[in-house]
Amino acid sequence: MPGLYAGTEPFRTHRLPVEPPHVLHVEECGRPDGLPALFLHGGPGAGCDPAHRRFFDPSRYRVVLFDQRGCGRSEPHGSLEGNTTQALVADIERIRTHLGIDRWLVFGGSWGSTLALAYAEAHPGRVLALVLRGIFLCRPRDIRWFYQSGADRIYPDHWREFVSFIPEAERDNLVAAYHRRLTSDDAALRLAAARRWALWEARCATLRPDPELEAHFAEPRRALALARIECHYFVHGAFLAEDQLLRGAGRLHGIPGVIVHGRHDVVCPVEQAFALHEVWPEAELVVVPDAGHAASEPGIAAALVAATDRLAERLS
Ligand code: STX
């Protein structure tokens with residue numbers, strides 16, 4: 001990706017047992033005495049990727065990245081047991097105290113923005129700053145837009161492949177219909193459903209087609225974790241009350257923030273960034289005119305790096 005820092009290897013990794021049966025993969029990159037920052041990946045269930053380390057200047061930041069419950073290198077893979085937004089917020093606090101960090105910058109895109117907001121509203125005193133991309137408020141209407149009615153009108157060709165997997169009689173609730181298949185006892189059915197689910201998302205994530213991103217999320221292990229965990233969260237309304245994150249935004253008062261969102265985001269329409277900015281006006285809103293949803297979109301990556309650079313200056 002252009003505009004990102006060079007790739008680095010972690011200076012330390014951890015296998016952190018949290019609530020059984022979950023064991024989290026955690027890694028620290030950059031500089032051990034640097035400004036602490038937490039990276040939250042998307043999905044939920046997408047896992048971390050080495051490219052995620054590259055949003056931060058390794059000579060200034062101590063970046064903590066972890067694979068959320070059930071995905072990436074965390075175990076057990078694909079597990080939905082005790083997998084809730086509240087549990088992930090508790091895991092973040094567990095990681096913070098385990099690493100002896102007092103306060104940190106929190107960075108998250110898409111579902112990572114959802115989780116960052118849930119965390120910051122629960123523990124505002126622990127957050128130095130927020131850098132959020134592709135805001136996903138996870139309200140019923142945001143989930144409906146992408147998995148029932150809305151985005152289907154923008155990508156009808158890709159939608160056909162997503163919806164045709166489900167018999168017509170079940171199409172009035174596609175998230176529920178996919179959930180039955182993704183949690184079925186039939187491993188082949190689970191995998192087939194996961195592939196369609198993950199492909200739909202990957203194909204809608206970028207302004208221009210990105211075959212590499214598609215291939216990445218079509219990979220069976222990754223598709224399974226992403227689809228199972230996302231679908232589990234979305235049948236449960238992401239374990240949030242409607243408008244919970246907007247209503248709690250008063251708790252963000254005093255936290256410096258940057259909101260970066262692509263104008264042509266089809267996964268998470270940009271209205272969500274405006275809605276968040278309205279209740280958290282002290283944050284800076286950057287709408288990237290020629291970008292979709294993904295963090296890899298050139299204009300989005302550049303705006304995110306500019307944000308972490310500026311905040312490093314301001315916070316140190
Ligand atoms: N999922 C929102 C999200 O976090 C509904 C997300 N959107 N696209 C992605 O993640 C990937 C491209 C990483 C799969």
Side-chain angles (χ1 to χ4, degrees), residues 1 39-52 55 65 67-72 83 85 88 107-119 132-152 154-155 158-159 162 174-175 178-179 182 194-240 245 260-262 264-270 272-273 291-297 300-301 304:
M1 292 185 223
F39 176 89
L40 296 175
H41 67 67
C48 286
D49 186 274
H52 295 153
F55 293 104
L65 305 96
D67 291 321
Q68 295 160 27
R69 293 188 179 198
C71 70
N83 206 334
T85 306
L88 300 187
F107 180 112
S110 198
W111 164 258
S113 76
T114 320
L115 183 57
L117 288 167
Y119 174 70
L132 306 179
R133 182 269 312 169
I135 303 305
F136 184 27
L137 298 173
C138 268
R139 299 164 297 185
R141 83 180 92 146
D142 306 319
I143 295 166
R144 208 180 311 122
W145 161 272
F146 194 60
Y147 297 104
Q148 191 66 43
S149 174
D152 58 319
I154 299 178
Y155 287 108
H158 303 327
W159 179 257
F162 176 71
L174 289 166
V175 172
Y178 263 95
H179 186 260
L182 288 165
R195 220 182 103 67
R196 302 274 187 132
W197 178 282
L199 268 181
W200 163 242
E201 182 160 359
R203 285 174 172 159
C204 294
T206 50
L207 188 63
R208 295 177 189 79
D210 183 345
E212 247 176 71
L213 186 84
E214 260 180 57
H216 184 77
F217 283 101
E219 194 269 311
R221 194 182 145 84
R222 202 171 277 121
L224 261 177
L226 180 74
R228 276 172 56 81
I229 297 170
E230 283 192 335
C231 199
H232 163 75
Y233 273 71
F234 302 154
V235 290
H236 292 103
F239 306 96
L240 296 167
L245 299 176
V260 178
H261 208 118
H264 299 285
D265 190 330
V266 172
V267 181
C268 299
V270 70
Q272 294 169 90
H293 180 66
S296 55
E297 302 274 74
I300 293 194
L304 291 171

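Quick note: numbers below take in every heavy atom, side chains included, and nothing from hydrogens, waters or symmetry partners. FYI, the numbering just counts along the sequence from 1. Counting starts at 1 for both ligands and their atoms, in listed order.
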Answer yes if the ring centres of [X] and [Y] are under 6.0 angstrom apart, and no otherwise.
X	Y	value
Phe136	His261	no
Tyr178	Trp197	yes
Trp200	Tyr147	no

Numbering as shown, the atoms of ligand 1 that approach [X] to under 4.0 Å (heavy-atom distance):
X	answer
Gly42	4 (O)
Trp111	3 (C), 4 (O)
His293	6 (C), 7 (N), 8 (N)

**Asked** Backbone, side chain, both or neither: what part of Tyr147 comes under 4.0 angstrom of ligand 1, heavy atoms only?
**Response** side chain
**Item:** Which segment of Phe217 sits under 4.0 Å of ligand 1 when only heavy atoms are counted
**Value:** side chain
**Prompt:** Looking only at non-hydrogen atoms, which of Ala205, Ala238, Gly292 approaches atom 12 (C) of ligand 1 most closely?
**Reply:** Ala205
**Request:** May I ask you to identify the nearest protein heavy atom to atom 8 (N) of ligand 1, giving residue, atom name and distance to one decimal place in Å?
**Result:** Glu201 OE2, 2.9 Å
**Item:** Which residue and heavy atom of the protein sit nearest atom 2 (C) of ligand 1, plus the separation
**Value:** Ser110 OG, 2.8 Å
**Prompt:** Do Gly43 and ligand 1 have an N or O pair less than 3.5 Å apart?
**Reply:** yes
**Request:** Say whether Thr206 and His293, considering side chains only, have a donor N or O and an acceptor N or O under 3.5 Å apart.
**Result:** no
**Item:** Side-chain donor-acceptor contact under 3.5 Å, Trp111 with Gln68
**Value:** yes
**Prompt:** Counting only heavy atoms not in Arg195, do more than 12 fall under 6.0 Å of its CZ?
**Reply:** no
**Asked** Closer than 4.0 angstrom: is that true for some heavy atom of Trp145 and an atom of ligand 1?
**Response** no
**Complete:** Residues Glu201 and Val267: closest non-hydrogen pair is O-CG2, 4.3 Å
